[in-house]
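Below, chain A is the first sequence line, B the second, and so on; all start at residue 1. Just so you know, these numbers use all the heavy atoms, side chains as well, and skip hydrogens, waters and symmetry mates.
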Protein chains: 2
Amino acid sequence: MDSRSRTVTRIPVNAPTLADVAERAGVSRQTVSNAVNNPDLLRSDTLLRVQRAIGELGYVPNRAARNLRTRASHLVGLRMSPVLEGVATTVMDRFVHSLVWTSREAGYHVLLFSGEGPDPLEGYDDLLRSTAVDAFVVTDTYLGNPQAVWLRERRAPFVAFGRPWDDVEARHPWVDVDGAAGTELATRHLLDRGHTKVAWIGWRKDSRIGEDRRSGWSRAMHERGLSTTGLASRVEDSLGSGRDASAHLLDEAQPSAFVCASDTLAMGVLHTLADRGLHPGRDVAVVGFDDSQVAQLVHPGLTSVRQPLEEVAIAVVRSLEDLLATPSQVADGLLLSPTLVVRGTA
Amino acid sequence: MDSRSRTVTRIPVNAPTLADVAERAGVSRQTVSNAVNNPDLLRSDTLLRVQRAIGELGYVPNRAARNLRTRASHLVGLRMSPVLEGVATTVMDRFVHSLVWTSREAGYHVLLFSGEGPDPLEGYDDLLRSTAVDAFVVTDTYLGNPQAVWLRERRAPFVAFGRPWDDVEARHPWVDVDGAAGTELATRHLLDRGHTKVAWIGWRKDSRIGEDRRSGWSRAMHERGLSTTGLASRVEDSLGSGRDASAHLLDEAQPSAFVCASDTLAMGVLHTLADRGLHPGRDVAVVGFDDSQVAQLVHPGLTSVRQPLEEVAIAVVRSLEDLLATPSQVADGLLLSPTLVVRGTA
DNA sequence: GTGAAAGCGCTAACAG
DNA sequence: CTGTTAGCGCTTTCAC
C-alpha cells in the first residue's frame with residue numbers, strides 16, 4: 001500500500017445539488033444560483049418557490065465547487081506559533097477566539113496552520129499557492145518580520161496584528177495596540193497614588209514592542225519631572241528573570257512600585273516580594289501587561305494592562321474585507337488603546 | 001490551449017496549472033497528476049522530468065479543484081466554545097496547539113468555527129453539508145453532549161476528546177484523560193507525605209468529569225482506610241467558590257491538604273490561605289488540576305495534575321485517519337493517564 | 001506507462 | 001427576469 005492512499009469516503013451520502021433544486025422548483029440551475037447569491041434578481045414568487053425547494057431538499061452549496069469557480073475559499077489563514085510554555089500565549093489565544101467569532105460574521109472561517117520547523121514561511125507558501133486561503137492574518141511581526149516582507153513580495157493579501165516597526169517599505173494594512181499608552185497609563189496610575197520611584201522591568205533592547213512599552217513608562221516619569229536613572233531593567237521574558245531583576249532593583253534603588261512589560265515578569269516580582277515577606281499592593285505596587293488569566297487568579301489580583309483584542313479582531317476582519325474587495329487599495333494602519341485593569345497589587 | 005482571462009486578482013497572479021506543467025514536461029495532464037499522487041505509476045525518467053517541471057514552475061495543486069473532484073477537503077472542523085473569562089481555557093488552547101501540529105503531519109488543517117448563538121449545532125450543520133470539512137473534532141462532550149448525538153444521527157465523521165459518559169448508544173471513537181487517576185495520583189502523593197485529612201473541592205454533582213475526578217480522591221483516601229466524611233465540597237468552577245469552600249472546610253474539618261478539580265479552585269484555596277496568613281506548601285498543601293499557566297507562575301508554584309494533551313492530539317488524529325479511511329469501522333475509545341507536576345504547594 | 005475523454009458542482013457571461 | 005453555454009483545475013475511468 002502506498003502511504004498516500006486517497007480512499008476517503010465523504011460525509012453526506014447524496015447531498016442535493018443545484019440541479020436537484022432546479023428540477024424541483026421547475027427553474028434552471030442558474031436561477032437557483034441567483035436565488036442563493038443574488039436574490040434581488042429574482043421575481044419574488046420565483047424566489048419563494050426556489051427557496052421552498054431549497055428548504056425541502058436541505059440544499060447547501062458545495063464549497064469546493066464554489067471555491068473553484070469563484071477562486072475564493074472564504075478562509076483566512078492564521079499561523080500558530082510553537083507553544084512557548086509559560087510565556088503568555090494568553091494574548092494569542094484570546095485573539096484567536098475573537099478572530100474566529102468576528103470572521104464568522106463576515107462569512108469567513110479561520111484556518112489554523114503551523115510552521116514547518118525552522119522556516120516560518122513554508123506553511124504560508126503552500127496554502128497560498130494551493131489557493132487554500134484567501135488571505136492571512138499575521139500575528140508575529142515583532143522582529144524583522146520575515147513573513148511580512150515575504151508576503152509583500154508575493155503580493156499575498158494579509159493583515160498584520162502588529163505594526164511594521166521599522167519597515168519603511170511596508171504598505172500593508174495593520175492593526176496594533178499602543179503599548180506605550182498602556183504603560184503610561186499604568187505608570188500614571190501609580191504616580192497618582194503617590195509613588196515616585198517606579199521601576200521598569202522589560203525585555204531586551206532588540207524587542208521593538210519592549211522598547212515601545214518602556215517608552216510609556218519613561219514618558220510618564222519624565223512628565224512629572226521624575227528621574228528614571230537606575231530604575232530600569234531589561235531581561236528576557238521569564239519568571240526567573242522577573243524575580244532576579246526585581247530583587248536587584250529593590251536592593252539598588254528601593255522602588256516602591258514596578259511596571260512590567262508582561263504578566264510573566266510581574267509574577268516574578270511577586271515571587272521576590274513573597275521571598276522577602278513583602279505584601280504586593282501594600283508594601284510594593286506591581287503592574288503587569290496583558291491581563292492574562294494569572295493576573296485574574298493570583299492573590300491579591302494583579303493590576304494589568306489589557307489589550308482590546310476583540311476590537312483588534314474586528315478591525316483586522318474589516319481590513320481583510322477591504323483588502324479582498326479592493327486588492328490594490330492603499331494600506332492603512334490602526335492603533336488601538338489598551339486599558340488598565342486595576343486589582344489588588346496596585 | 002485555453003486563453004484564460006484572469007479577471008480576478010486573487011492571491012497567485014499566474015498560478016501554473018496541471019496543463020502548464022504537462023506542456024513543459026512534454027507529457028499529458030494525467031501523467032502530471034500521477035506524478036503528484038501516484039509516483040509509482042511513472043517510469044523513473046518521466047517522473048524526474050515531470051518533477052523538474054513542477055519545481056521550475058513552482059506548481060502546487062489547486063485545492064478547490066482537487067476537493068471538488070475527490071470530495072474531500074483535508075480539513076478538520078473544531079468548534080471554539082465561547083470565551084469563558086477566568087475559566088481554564090488553557091486546556092482547550094493547549095489542545096488546539098497540539099492538534100494543529102499533529103494534523104499537519106497527517107496532511108490535515110484545522111478549521112476553526114464558532115457556535116451560532118444558542119444552538120451549538122448550527123455551525124456543524126453548515127460545514128458538514130457544504131463539504132467544507134471532512135470530519136470534526138468534538139471537545140465539549142461533558143454534559144449530555146447534544147453534538148455527539150446529533151453528529152451520530154447525521155452519520156458525520158467525528159472523534160471526541162472526552163468520553164461518551166452515559167451515552168450507551170455511542171459508537172464513535174473518542175480519546176480521553178483519566179481524571180480519576182489524576183486525582184488519585186495527587187491524593188496519594190499527599191498521603192505519602194503524611195497528610196491524613198485531605199479535602200476535596202470539586203464541581204457540582206451534575207458534572208460527570210467532576211464526579212470522576214472526585215472518585216479518584218475518595219478511592220485513594222479509602223484505600224488507606226481514611227474517612228472522607230465532611231471533607232468534600234462541590235461548587236461551581238470559580239475563584240470565589242474555591243476561596244469560600246476552602247475557608248468553610250478549614251473551619252469545619254481542619255484539613256491539612258486540598259485536592260481540587262481545577263487550578264481555578266486551587267487558586268481560590270491559595271486566596272484563603274493568604275487571607276489567614278497561612279503558607280501554601282508549608283502549612284497547608286494544595287493540588288490543582290490542568291497545570292495551567294497560573295500553576296506555573298504563582299508563588300510558590302502550584303502542584304497540579306497535567307493532562308497529556310499532546311498525546312491526546314496524536315490519538316485523535318490517528319482515530320480521524322482510521323475513521324476517514326474506513327468509515328464503517330468499529331469505534332474505539334482510548335483513555336490516557338495524566339501526570340502530577342509537583343511544585344511548591346505540595 | 002501514458003493519453004484521451006468525462007465530468008465533480010458551481011457561477012460569469014451573455015442570450016432570450 | 002430567466003435560461004443557455006462554457007468552463008474553473010483536477011482526477012477517475014478506460015483506451016492505447
Q.
For a quick check of understanding: with a heavy-atom distance under 4.0 Å over all strands, which category does A:N67 fall into, base, sugar-phosphate or nothing?
A. nothing

Q.
So, under a plain 3.5 Å distance rule, would you say the side chain of B:R69 forms a donor-acceptor pair with the base of D:dG9?
A. no

(Q) Just to verify, what does A:T31 make a side-chain hydrogen bond (donor to acceptor under 3.5 Å, both in side chains) with, not counting sequence neighbours? (A) A:S28

Q | Residue pairs involving residues 36-64 of chain A (criterion salt bridge (Lys or Arg N to Asp or Glu O under 4.0 Å); sequence neighbours excluded) | A | A:R24-A:E56, A:R43-A:D45

Q: Give, ordered by number, those residues of residues 52-64 of chain A having at least one heavy-atom distance below 4.0 Å to an atom of DNA chain D; if nothing qualifies, reply none.
A: none

Check: protein-nucleotides 2-5 of chain C nitrogen or oxygen pairs below 3.5 Å:
residue : atom : partner : partner atom : Å
C:dT2   : OP1  : B:T46   : OG1          : 2.4
C:dT2   : OP2  : B:R43   : N            : 3.0
C:dG3   : OP2  : B:S28   : N            : 2.8
C:dG3   : OP2  : B:S28   : OG           : 3.1
C:dG3   : OP2  : B:T31   : OG1          : 2.7
C:dA4   : N7   : B:Q30   : OE1          : 3.4
C:dA5   : N6   : B:Q30   : NE2          : 2.9

Q: Evaluate whether atom CD of A:E321 has more than 12 neighbouring non-hydrogen atoms of other residues, nucleotides or ligands under 6.0 angstrom away.
A: yes

Q | B:P173 and B:L323, any side-chain heavy atoms less than 4.5 Å apart | A | yes

Q) Does A:D176 reach the main-chain N or O of A:L335 with its side chain, forming a donor-acceptor pair under 3.5 Å? A) no

Q. Just how far, in rounded Å, is P of C:dT11 from CG of A:N37?
A. 5 Å

Q: Take the C1' atoms of the five end pairs on each side of the helix from C:dG1-D:dC16 to C:dG16-D:dC1, derive the two axes, and give their angle rounded to 10 degrees.
A: 30°

Q. Residues two or more places apart in sequence or in another chain: which of them pass ring-ring contact (aromatic ring centres under 6.0 Å, His included) with B:F95?
A. B:F161

Q | Euclidean distance, atom CG of residue A:N38 to atom P of C:dT11 [Å, nearest integer] | A | 9 Å

(Q) Does any part of the side chain of A:N37, heavy atoms only, come nearer than 4.5 Å to the side chain of A:R66, both counted from C-beta? (A) yes

**Q.** Residue A:T17, side-chain atoms from C-beta onward, closest of C:dG9, D:dG9, C:dT11
**A.** C:dG9

Q. Could you give the CZ-to-C1' distance, from A:R66 to D:dG7, as a whole number of Å?
A. 18 Å

Protein and nucleotides 14-16 of chain D: nitrogen or oxygen contacts under 3.5 angstrom:
none

Q) Mind checking what makes side chain to side chain contact (heavy atoms under 4.5 Å, CB included) contact with A:P16, not counting sequence neighbours? A) A:D20, A:L57, A:Y59

(Q) Please list all pairs meeting ring-ring contact (aromatic ring centres under 6.0 Å, His included) that have one or both residues in residues 26-47 of chain B, counting only residues at least two apart or in different chains. (A) none

(Q) B:L41: which residues meet the side chain to side chain contact (heavy atoms under 4.5 Å, CB included) condition with it, sequence neighbours left out? (A) B:N34, B:N38

**Q.** From D:dC10, D:dG9, C:dC10, nucleotide with atom closest to B:L18 side chain
**A.** D:dC10

Q | Nearest-angstrom distance from the residue atom CG of A:L68 to P of C:dA12 | A | 12 Å

(Q) Going by side chain to side chain contact (heavy atoms under 4.5 Å, CB included), name the residues that satisfy it together with B:V76, two or more places apart in sequence or in a different chain. (A) B:Y108, B:V137, B:L320

Q. To the nearest 0.5 Å, how far apart are CZ in A:R79 and OG1 in A:T139?
A. 8.0 Å

Q: Please list, chain by chain and in numerical order, all residues satisfying side chain to side chain contact (heavy atoms under 4.5 Å, CB included) with A:R152, sequence neighbours excluded.
A: A:V149, A:D167, A:E169, A:A170

